[in-house]
Trainee: 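What follows is a structure written as structure tokens; I'll ask about it next.
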Amino acid sequence: MNSLSEKQHVKVALITGAAGRIGAQTARRLHETGMNIAIHYRNSEEKAMALKAELESTRPNSVATFQCDLNVTADLKGLVSEVESRFGRLDVLINNASSFYPTPVDQMSEEHWHDLVGSNMKAPLFLSQAAIPLLKQTHGCIVNLIDIHGFRPLKNHTIYSMAKAAKAMMVKSLARELAPEIRVNGVAPGAIEWPDADGQTGSSSEEQEKILARIPMQRKGEFDDIAKTIRFLVLDAPYITGEIITVDGGRTAQQ
Ligand SMILES: NC(=O)c1ccc[n+]([C@@H]2O[C@H](COP(=O)([O-])OP(=O)(O)OC[C@H]3O[C@@H](n4cnc5c(N)ncnc54)[C@H](OP(=O)(O)O)[C@@H]3O)[C@@H](O)[C@H]2O)c1
């Protein structure tokens, strides 16, 4: 067996927005199962390179990084082609990248719309479209990061909530269209680690206390709660498609 065909026998996962937080933890969880990982990033090059070095310390040549602004739809096919050139196949697409900030209705603009709908809905759709030929070859799967606020609105985040609601419908619609070759599922996190301080989310410690009081499990989620659910959908759920698993400590189970 030559080195290229050896390479082609190892499963490959492309994870968008994977330089940090949920995306990076998902990369760790899938990498430790033996997969090769395509880390996509937009601005976080340093973090992406650090994650590549961390993962490759246990398995050399198993990770590659790819830069792309996902809001440039014309570049999405190129991103998939670059992954194919590097690894020779694609088994898993994780649509994780997302922008997130408030858009109070009296302040929102078309620019906000393009950015929030772009990363949370349009790019996942067209990146999935670009990946379908490769995923069909491997009978692969797509996992989409939704949000409990795709089902119940987050105040002052109308555009984000609308985009996640549409992404949830995309899961079910693509699952019907792409079965039986490709499974399409989603994970809907509740409050996981608070967004980065520069994320302009407006979640003060008082608001964070209020959120925690509504979570039956009495803690916010951790990145690994989401990463392990994604790993389950990728590796242990061959009869699950069109499903969105809520991972929110029971928050939406109560009024
Ligand atoms: N964290 C939570 O509590 C929570 C709750 C509910 C749902 N979720 C969902 O879970 C997923 C991951 O959450 P997270 O908090 O880990 O994400 P995050 O850190 O807020 O964002 C992940 C990455 O998305 C990338 N991104 C944003 N817009 C992009 C664009 N136009 N093109 C390319 N990349 C873009 C950024 O990459 P660069 O830094 O490289 O620019 C960013 O680092 C998201 O879909 C989010 O909506 C998270």
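All ligand and atom numbering here is 1-based and tracks the order in the structure. None of the values given here were measured: they were computed from a predicted structure. Numbers here are sequence positions counted from 1.
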Trainee: Examine Ser44 against ligand 1 and note whether any of their N/O atoms are separated by less than 3.5 Å.
Mentor: yes
Trainee: Of the backbone atoms (N, CA, C, O) and the side-chain heavy atoms from C-beta on, which set of Ala97 has a member under 4.0 Å from an atom of ligand 1: side chain, backbone, both, or neither?
Mentor: both
Trainee: Cut-off 3.5 Å, side chains only: do Gln25 and Asp224 have a donor facing an acceptor?
Mentor: yes
Trainee: Is the number of heavy atoms from other residues, nucleotides or ligands under 6.0 Å of Gln107 CD greater than 12?
Mentor: yes
Trainee: Hey, is Arg29 close enough to Glu32 for a salt bridge, meaning N to O under 4.0 Å?
Mentor: yes
Trainee: Parallel under 30°, tilted from 30 to 60°, perpendicular over 60°: which one fits the rings of Tyr160 and Phe100?
Mentor: perpendicular
Trainee: Can you sort out the partners of Pro133 under side-chain contact (heavy atoms from CB on, under 4.5 Å), two or more places apart, ordered by chain and number?
Mentor: none
Trainee: For atom 27 (C) of ligand 1, which of the options Ser119, Gly23, Ser98, Gly17 provides the nearest non-hydrogen atom?
Mentor: Ser98
Trainee: Look only at interatomic distance and state if Ile192 has a nitrogen or oxygen under 3.5 Å from any nitrogen or oxygen of ligand 1.
Mentor: yes
Trainee: Between ligand 1 and Arg42, is the shortest N or O to N or O distance under 3.5 Å?
Mentor: yes
Trainee: Regarding ligand 1, does Tyr41 bring an N or O atom to under 3.5 Å of one of the ligand's N or O atoms?
Mentor: no
Trainee: State whether the shortest distance between N or O atoms of His40 and N or O atoms of ligand 1 falls below 3.5 angstrom.
Mentor: no
Trainee: Any N/O of Asn120 closer than 3.5 Å to an N/O of ligand 1?
Mentor: no
Trainee: Are there more than 12 heavy atoms of other residues, nucleotides or ligands under 6.0 Å from atom CZ of Arg219?
Mentor: yes
Trainee: Within the structure, does Asn95 bring an N/O atom to less than 3.5 angstrom of an N/O atom in ligand 1?
Mentor: no
Trainee: Please confirm whether Gly190 comes under 4.0 Å of ligand 1, counting heavy atoms of the residue only.
Mentor: yes
Trainee: Could you name each residue pair satisfying salt bridge (charged side-chain N to carboxylate O under 4.0 Å, His left out) that touches residues 103-130, not counting sequence neighbours?
Mentor: none
